[in-house]
Amino acid sequence: MSSSSEEPGFIPLGSYKWPAMPTQETLRRLIDRFSHRIANRFQEEQEPAVAKDKLHRVTRSVLDNVVSPPSCGPLARELEKTVAAHQASSDPLTRSMLVVLPPCDRSCAIRSWAEQNGHQILEPPARSELIRSADEPLPDLVGDGMLVVPRLERWFLRHHEGLDRLRQLLAALDHLDRPCVIGCNSWAWRYLVAATDADLILPNAVTFQAFDAERLHHLFSETVDRNGMQSLRFRLSDSGKDVMAVDEDGKLKNDYFQTLAATSLGIPWVAWHLWRRSLRSENGDALANADEAIDQQLDDQTLWIAALDEFRLPGSSRQAALLVLQSLLIHGELSESDLATTLPAQGLSALLPALRTAGFIERDGDSYQCHPAAYPSIRSGLSAAGFAVDRL
């Protein structure tokens, strides 16, 4: 399937169109929920294409070769197009542009775009400095060319003394006489608008267009091709259907990618983690040795796509867990001590390992962050519990 000849641009914040589930999948999920309480007498059991007990989780070495992170090229091109149009049409009073992206972006798309184009990047202060006095001056922002602040969420802590540095930066950006692109995750932006009226200084935020079935299919196909795995097949474990298959007109033959787009909320890095997490193999022994001969072992092989795992919050500490997850979404990543600073007094020593075991968070060094594959479940859980959610 070929991509559109013209890259779409970014859209105003609030215009995001959440991908919808295919009708059949929506009905299936309703039936599944119902069948937990009442035996389903209206459907016949069908044998899956491959038995569940024959499937093995794919080793990380294979995943890194077969489904390495997709290129952020599409987003970089769309952002470049949007920035160019903004700079060509804006007046001197609106030279700054805010780009709001969903959380859990491990590749930091805005920083990658800035580095590719040679733009100056403003590095954030250490988190340990954020609750100190804001009397210390900012780095010199004066210069030529584009200035990029990749992650505004790294400039504050949700603490009564943790916003001074952020306010100082916003005031400086408001008086800056050079073009500037500011990135911020959607949960942090929601918080900053409520806490600091940041939208009065940065009023015209944009975000990317949701990745629907066709865009995800093209993105994943490019990734497989780039890794030299064109002979590899990705099939649904229940039906055996090849999810990459298209008809003579280039249309997808099944609705897998439509389901994935809806489940991932149209976020490409979330979709990639969900896809990667669901891959299984019938040949566990061969795949375990993939470091030795990855190309030979996977040639003409099939990787099976299993049903997605469910994420379940620790039952006895649900409210405390939601507060932790909300704070991690707002800040992107936090050490345990910084996380404790942003929360009501509570013990984290047992809760953080429990959330890691349940798959909601992961640790990188001494920092914790939400797992991208768990993000849709986290967002749904926060919304159901009455927390204010992000806006795209």
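- Within the 3.5 Å criterion, the main-chain N or O of Ser327 finds a donor-acceptor partner in the side chain of His331.
- Within the structure, every pair that satisfies the side-chain hydrogen bond (donor to acceptor under 3.5 Å, both in side chains) test and touches residues 363-376, not counting sequence neighbours, is listed here: Arg106-Gln369, Trp187-Tyr375, Tyr375-Asp390.
- Aromatic ring pairs are classed by plane angle as parallel below 30°, tilted from 30° to 60° and perpendicular above 60°; the pair Phe208 and Tyr16 is perpendicular.
- In this structure, the side chain of Arg312 does not engage the main chain of Ala358 through any donor-acceptor pair within 3.5 Å.
- Without hydrogens or angle criteria, Thr207 side chain to Val100 main chain gives a donor-acceptor distance under 3.5 Å.
- Of the possible donor and acceptor atoms, none in the side chain of Arg215 sits under 3.5 Å from a partner among the backbone N and O of Pro74.
- Annotation for Leu75 and Pro268: closest pair CD1-CG, 4.4 Å, computed over non-hydrogen atoms.
- A donor-acceptor pair under 3.5 Å is formed between the side chain of Asn185 and the backbone N or O of Leu329.
- Val243 approaches His217 most closely through the heavy-atom pair O-CD2, 4.1 Å.
- In this structure, the side-chain hydrogen bond (donor to acceptor under 3.5 Å, both in side chains) partners of Asp105, at least two apart in sequence or on a different chain, are Ser107.
- With hydrogens and angles ignored, the 3.5 Å screen pairs no side-chain donor or acceptor of Ser383 with any backbone N or O of Arg379.
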Worksheet entry | Steps toward side chain to side chain contact (heavy atoms under 4.5 Å, CB included) verdict (Arg165, Ile131) | CA-CA 8 Å; Arg165 197 70 168 164; Ile131 55 175; over 6 Å; no

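- Between the side chain of Thr82 and the main chain of Glu78, a donor-acceptor pair closer than 3.5 Å is present.
- Checked by atom type and distance alone, the side chain of Asn254 pairs as donor or acceptor with a backbone atom of Tyr256 at under 3.5 Å.
- The two residues Cys184 and Leu192 make their nearest non-hydrogen contact at SG-CD1, 4.3 Å.
- Distance alone, capped at 3.5 Å, is enough to place a donor-acceptor pair between the Asp140 side chain and the Val142 backbone.
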Practice prompt. Apply side chain to side chain contact (heavy atoms under 4.5 Å, CB included) to the pair Arg111 and Val148, showing each step before the final yes or no.
Written response: CA-CA 8 Å; Arg111 174 180 283 276; Val148 178; over 6 Å; no

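- Few gaps surround CZ on Arg178; more than 12 heavy atoms of other groups in view lie less than 6.0 Å from it.
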Fill in: Trace of the side-chain hydrogen bond (donor to acceptor under 3.5 Å, both in side chains) decision for His218 with Glu214
CA-CA 6 Å; His218 181 72; Glu214 287 71 25; over 6 Å; no

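- For Asp247 (side chain) and Gly250 (main-chain N/O), a donor-acceptor pair under 3.5 Å exists by modelled atom type.
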Item to complete: Could you walk me through whether Glu123 and Arg154 pass the salt bridge (charged side-chain N to carboxylate O under 4.0 Å, His left out) test, one step at a time?
Response: CA-CA 9 Å; Glu123 300 294 348; Arg154 295 304 303 268; over 6 Å; no

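- The minimum heavy-atom distance between Lys253 and Val246, with the atom names listed, is CE-O, 3.3 Å.
- Centroid-to-centroid, the aromatic rings of Phe156 and Tyr191 come within less than 6.0 Å.
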